[in-house]
Amino acid sequence: MRTRLLLGAAGLVMIVWGALLAIQVPQIVEFGAWFVAGPILHDFALAPVVGLVGLVLKGPVKTGAVVSGVLVLIAVPLVWQPQVPVNPGLHDRNYWLDLAISIGVVWLVVLAAFLGRRMRRRAATGAGPE
Amino acid sequence: MKFTSTAHHEKATSRIGLWLGIAFLVCFVTGLVSHAIQHPPSWFFWPSRPVNLYRVTQGLHVVSGVAAIPLLLAKLWSVYPKLFERPLIKSLPHALERGSILVLSGAAFFELVTGILNVGQNYLWSFYFPDAHYAVAWVAVGSILVHIGVKLPIIRRALQRDPLPDASRRAFLRTTWLASGAAVVATAGVTVPFLRDVSVLAWRSNKAPQGVPVNRTAVAAGVVRDPSWTLDVAGKRFTLAELTAMRQTTADLPIACVEGWSQSASWTGVPVVDLLAAAGAGPGVSVKVHSMEQNGLYRTSVLPGAHTRDPLTLLALRCNGEVLDLDHGYPCRIIAPNRPGVLQTKWVNRLEVL
């Protein structure tokens, strides 16, 4: 119980300290909107969609879809650049192509996993090629 | 609504939570280090060696942040059924607990989303990113500690070794680790040299002058070549010809950006310790570096004594064997070991002894 109370007390102090720093940010409304947007978008948009898709996918295809989705998410700031400054050597690659390549690699691995599974199953049932 | 998947079992939640907690802890500690280097409190000391230390801490900051994105999503999916628990509020402690989880989720998303947008320099907001990211970091880690305090008995129970782990739960965990690993491999090449050609979603490329990315161009800074340029060191003036005639040192030092990318290069120039001696100032003094850049948050920087004493702290005139590119700070820039790139001031025209 002592550990739990200590963790809680330390955590509360840090939260209060963070909040004191946060209220000094001049654009407080916009800042607050960014803070609550994550849970709202996740809980009521992203998670239900992912959950429903998850119901129909199985095995390596499901894993491939999850990994592809994560790659798309981390690529968003790179492929969609409405007002990014021009800086030589930074965010100046062809990210649509790069994203396509990375997702292509993911699905090649999925295909390999799928074939590997089938071969193992065949070997197990003795129905493999002679 | 009924959630039957084993992904929602506390054994899955706790295992992902453990790794998510570690990722956030790494982000927090390395973030505090970076913050302290840029806004040093009086008690703070940051050494000039090893030369790559900041490159490692800030690389870890960004890589563990990227790794945390899939971990956070998996963690929230694992506990998603709790969102639909009824009654919504059972008691005051229950209300506080739910509220604290909203704070935790908001802070965690804020840090990861603003972080990944910031490394892409994709500023979709008008607030100042470092202040906001720093403030919310305290809220995020504080609410993680509160959350661990609340859930500790469950965490202890759930993390015990499971002699007969459920196959579908293991598949969920395996997918989570794979997604996190894929995110890391796809981006870590921004700083890890052997992943440079592997990380297709790295925000840096190899298309930079003299092989080093530029975070602020001369055009953006409003700086042009000035033939009448001279350098003022503690009141003594040096021309470019005089600097070139002084003893030159060549050193391999990285530009290690707060945005996680890094690039080592071979820099040639005059050690700051020599310049200070020539101007009659002793080694180990703090020096304020001024840039020709008129505006901009980073037009000056302060080199602490540990760095002005280090013979590898250079006023660089050349990069990778060529005269410094205008975008890299021609006629000269500061390049010091173990410092954030943003403090490696370019287009230097004055070294002021503090």
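So that the names make sense, note that chain A is the first sequence line, chain B the second, and so on, each numbered from 1. As a basis for the values below, the full set of heavy atoms in this structure was taken, side chains included, without hydrogen atoms, waters or symmetry mates. Source: prediction; values computed, not measured.
Most heavy-atom pairs under 4.5 Å with chain B: of the set A:Ala33, A:Pro48, A:Ala9, this distinction falls to A:Pro48. Put simply, of A:Asp98, A:Val16, A:Leu21, the one with the most heavy-atom pairs under 4.5 Å next to chain B is A:Asp98. If you tally non-hydrogen atom pairs under 4.5 Å between each of A:Gly8, A:Ala22, A:Ala19, A:Ala47 and chain B, the highest count goes to A:Ala47. Ranked by heavy-atom pairs under 4.5 Å with chain B, the first of A:Leu41, A:Leu78, A:Asp92, A:Val66 is A:Asp92. Among B:Leu102, B:Leu73, B:Leu76, the residue with the largest count of heavy-atom pairs under 4.5 Å with chain A is B:Leu76.
Contacts between A:Leu46 and chain B at a heavy-atom distance below 4.5 Å involve the side chain alone, from C-beta outward. Looking at B:Leu83, the atoms closer than 4.5 Å to chain A (heavy atoms on both sides) all sit in the side chain, from C-beta outward. Interface remark: B:Phe129 contributes no atoms to any contact with chain A (heavy atom separation under 4.5 Å). Looking at B:Ser180, neither its backbone nor its side chain comes within 4.5 Å of chain A, counting heavy atoms on both sides. For a residue to count as touching a neighbouring chain, one of its non-hydrogen atoms must lie under 4.5 Å from one of that chain's; by this rule A:Leu73 touches chain B with the side chain only. Only the side chain of B:Ile69 comes within contact range of chain A, with heavy atoms under 4.5 Å apart. When heavy atoms are compared at a cutoff of 4.5 Å, B:Tyr123 approaches chain A solely by way of its backbone atoms N, CA, C and O. For chain B, no part of A:Val50 is nearby; none of its heavy atoms comes within less than 4.5 Å. Heavy-atom distances place the side chain of A:Val70, and not its backbone, under 4.5 Å from chain B. Residue A:Pro26: no heavy atom, backbone or side chain, is found under 4.5 Å from chain B. Contact of B:Asn215 with chain A is made through backbone and side chain together, with heavy-atom distances under 4.5 Å. Of the atoms belonging to B:Leu124, heavy atoms from both backbone and side chain fall under 4.5 Å from chain A. Looking at B:Ser199, only its backbone comes within 4.5 Å of chain A, counting heavy atoms on both sides. Neither the backbone nor the side chain of B:Ala171 comes within contact range of chain A; no heavy atom of the residue lies under 4.5 Å from a heavy atom of that chain. Of the two parts of B:Ala137, neither the backbone nor the side chain holds a non-hydrogen atom closer than 4.5 Å to a non-hydrogen atom of chain A. Heavy atoms closer than 4.5 Å to chain A are found in the backbone of B:Arg216, but not in its side chain. Of the atoms belonging to B:Ala202, heavy atoms from both backbone and side chain fall under 4.5 Å from chain A.
Using modelled atom types and a 3.5 Å distance limit, the side chains of A:Asn87 and B:Gln121 yield a donor-acceptor pair.
Between the side chain of B:Asp327 and the backbone N or O of B:Val214, no donor-acceptor pair lies under 3.5 Å.
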